[in-house]
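Values reported hereafter were calculated over all heavy atoms of this structure, with side chains retained and with hydrogens, waters and symmetry mates removed. Every number for a ligand or one of its atoms is a count from 1 in the order of the listing.
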Amino acid sequence: MSPFAYARPSTLAAAVASGARHRSDGQREPGADFFAGGTDMVQLMREHLRTPGEVLDITALPGLDRIEAGEAGLRIGALVRMSDAAAHPIVRERYAAASEALLASASAQVRNLATVGGNLLQRTRCGYFRDPGAPCNKRVPGSGCPAIAGQNRLHAVLGVSDQCIATYAGDFANALVALDAELLIAGEGGERRIPVAALHRPPGDTPWIETQLEPGELITAILLPARPDSWRSHYLKVRDRASFEWALASAAVALDLVDGVVRDARVAVAGVATTPWRLPGVETALRGRTISPAVAREAGALAGEGAVTHGRNVYKVELIRRTVARAIEECAA
Ligand code: SF4
């Protein structure tokens, strides 16, 4: 691990100010790296894949480690541990997909340490990205993408570009997209609010730019909207082994079911896409329908629309169709 300076600010303003540097041309550039649970960041630092000059430990920032319920819904502070969010009674009861996605992530030990805010920003598990000796456009812009013609069984089929086909590795963000969650983000200009669905950027021509966060911006909370009792949700993850494994494919489904008929639906997938990936075609196919195995299959068949495969990951198209169909059935059951 490369040497770095360490600081532990006690106010949000101090953290945000240190998270960006002002250049002489007036633009801002990344400053110190934020650190909370560190479960992904320390791995990257040990491998010299991330070499911050300064690390800002944000765990002393006040008010970010609470879950608060109100009329508008639930506010989960960014520093809440994954295990605490998963076990919270309101999350389990009202936002089941979020609790299930958290419990399907990593291991119990990691969930006890990692924060929900940090979880949203975890980096890809692409083996080339994690290998300091390999070229990788995401890590070293312009160096190439060996995954496109190489070991790509685990790689994405949705949202890919000719620069990068890495999957977004998380589960929680996928569930949050299906639940219409938003993020509170603090920056030097104050606070702004964006849908979770807008946080991650597909790789396009700039795979090294992964989110909409500006230099110095910090996620402070996740906002889950209040919903009528008719909504229910479910998260289904398919993986190579039952625990401590990333998704080959996963589906988050939220249904507004009234008298057995789907009034509204939100469906998002991960493990197959470069970002948490919403499926509006599947949602449209569900509205006004009564869920049956045939209807779930019919809607799930639309899940692979727009897929681009690269040799070893061709199986993911059929896998995501079946995963979505099963998640719809299980959600409605
Ligand atoms: Fe790098 Fe993306 Fe290619 Fe993986 S898929 S090697 S992360 S550019």
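Not one N/O/S atom of Cys136, from backbone or side chain, sits under 2.8 Å from atom 3 (Fe) of ligand 1.
Of all protein heavy atoms, the one closest to atom 3 (Fe) of ligand 1 is Cys145 SG, 2.3 Å. If you check which protein heavy atom lies closest to atom 4 (Fe) of ligand 1, you get Cys126 SG, 2.3 Å. The nearest protein atom to atom 6 (S) of ligand 1, hydrogens excluded, is given as Tyr128 CB, 3.4 Å; this is a heavy-atom distance. Protein heavy atom at the shortest distance from atom 2 (Fe) of ligand 1 is Cys164 SG, 2.4 Å.
Within ligand 1, the atoms closer than 4.0 Å to a non-hydrogen atom of Gln163 are 8 (S), numbered from 1 in the order shown. Interface of Phe129 with ligand 1, defined as ligand atoms under 4.0 Å from a residue heavy atom, comprises 7 (S). Which parts of ligand 1 touch Asn137 is read off a 4.0 Å heavy-atom cut-off, strictly below it: atoms 1 (Fe), 8 (S). For ligand 1, the atoms lying closer than 4.0 Å to a non-hydrogen atom of Ala147 are 5 (S).
A heavy-atom distance below 4.5 Å is found between the side chains of Ile222 and Leu120. Contact check for Ile185 versus Gln212: no side-chain heavy atoms found under the 4.5 Å cut-off. Side-chain contact between Glu210 and Thr275: absent, with no pair of heavy atoms (C-beta onward) separated by less than 4.5 Å. Side-chain contact between Leu74 and Arg94 is absent, with no heavy atoms from C-beta onward closer than 4.5 Å.
Shortest non-hydrogen contact noted between Arg321 and Gly304 is CG-N, 4.2 Å.
Arg278 has a carboxylate O that lies under 4.0 Å from a charged side-chain N of Glu283, or vice versa, which qualifies the two as a salt bridge.
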Side chain to side chain contact (heavy atoms under 4.5 Å, CB included) for Leu103 and Arg111? Distances and angles first, verdict last.
CA-CA 8 Å; Leu103 292 174; Arg111 295 194 294 270; 4.1 Å; yes

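Heavy-atom separations between Arg139 and ligand 1 are all 4.0 Å or longer.
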